[in-house]
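Ligands are counted one by one from 1 in listed order, and the atoms in each one are counted from 1 as well. Heavy-atom basis, side chains included; hydrogens, waters and symmetry copies ignored.
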Amino acid sequence: MPEERAIHSMLEVANSPITPARPLHLGDPAPNFVARSTMGQISLSDYRGRWLLLFSHPGDFTPVCTSEFVALSKSANRFAALTCALLAVSVDSLYSHLAWVRAIRDSFGVTVNFPIVEDPSMVIGRAYGMIPDAANDAGAMRSTLFIDPTGIIRAITCYPATVGRSVDEMLRLVAALQRVDAEDIVTPEGWRPGDDVLQAPEIDQDVMLASGGDIWFHRVALGRNTRPAKP
Ligand code: BEZ
């Protein structure tokens with residue numbers, strides 16, 4: 001086997017401070033891996049420069065997962081508009097993934113337009129916390145990792161197998177992360193693109209005390225940069 005070609009998933013832990021034994025946190029670099037997928041060999045590092053949703057599903061050919069994959073595939077343009085790629089992973093074999101992609105096309109008329117990685121050894125699932133260390137079966141949770149263009153984990157969501165994720169919420173969270181990166185502002189509850197954003201919390205007592213008489217801890221930023229943009 002040529003060295004570059006992965007048969008099973010391999011984590012590149014040697015060059016990373018993260019080891020599979022340590023839970024991943026927001027702000028951690030996403031551990032790299034090389035694995036087979038329905039669209040050829042994938043290296044996580046190939047996604048540098050783009051946002052990436054890396055998400056696990058409990059199993060191919062299951063109802064909730066199928067609904068998610070149909071909805072995600074139909075939303076490809078909305079993710080592309082955010083320069084955000086999709087990458088699915090489960091413990092099912094590549095051949096199961098391929099058969100499921102075909103069944104989805106035949107049954108729903110929808111082509112799954114993102115790669116599905118096989119993780120039969122569970123090395124990716126365990127490293128990313130998609131499969132609890134103590135689990136004695138391979139059914140992953142519905143974990144979604146929001147990875148920024150520099151390879152940093154910026155958000156993690158975790159749903160049970162029985163409840164499907166919301167594609168709208170995935171898109172909303174990517175858009176919110178992009179907005180707070182672009183300006184020194186924060187996004188309020190339920191924020192959607194086009195809504196007002198808030199000024200970042202004040203951290204300087206003198207500035208705070210000298211500020212006007214409105215609600216100093218909750219100020220609409222009116223969609224403008226209110227402080228110098230982050231370098
Ligand atoms: C589902 O995708 O429908 C599913 C998968 C595993 C357990 C329960 C539901």
For the residue pair Gly125 and Asp119, what are the closest heavy atoms and their distance?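 Result for this residue pair: N-OD2, 2.7 Å.
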Taking all non-hydrogen atoms of both residues into account, name the closest pair between Gly151 and Arg48 and its distance.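 Heavy atoms of Gly151 and Arg48 come nearest at CA-NE, 3.5 Å.
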Just distances here: any N/O of [X] and N/O of ligand 1 closer than 3.5 Å?
X: Pro58; result: no
X: Thr62; result: yes
X: Val64; result: yes

Among the heavy atoms of Arg142, does any lie under 4.0 Å from an atom of ligand 1?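 Judged by the 4.0 Å heavy-atom criterion, Arg142 does count as contacting ligand 1.
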Enumerate the atoms of ligand 1 whose separation from the nearest heavy atom of Pro63 is less than 4.0 angstrom.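 So the answer, numbered in order with elements, is 1 (C), 2 (O), 3 (O).
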Find all atoms of ligand 1 within a distance of less than 4.0 Å from any non-hydrogen atom belonging to Cys65, and give their numbers and elements.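 It comes down to these atoms of ligand 1: 1 (C), 2 (O).
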Heavy-atom nearest neighbour in the protein, as seen from atom 7 (C) of ligand 1, with distance rounded to 0.1 Å: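 Looking at atom 7 (C) of ligand 1, the protein heavy atom closest to it is Ala161 CB, 3.6 Å.
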Would the distance check show the side chain of Asp60 and the main-chain N or O of Trp100 forming a donor-acceptor pair, the cut-off being under 3.5 Å?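 It does not hold such a pair.
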Please examine the side chains of Phe114 and Thr38, heavy atoms only from C-beta on, and report whether any two atoms are closer than 4.5 Å.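 Side-chain contact under 4.5 Å: no.
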Is any side-chain heavy atom of Phe108 closer than 4.5 Å to one of Phe69?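 They are not in contact (no side-chain heavy atoms under 4.5 Å apart), so the answer is no.
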Under 6.0 Å between ring centres, would you say that holds for Phe79 and Trp51?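 Between Trp51 and Phe79, which both carry aromatic rings, the centre distance is not below 6.0 Å.
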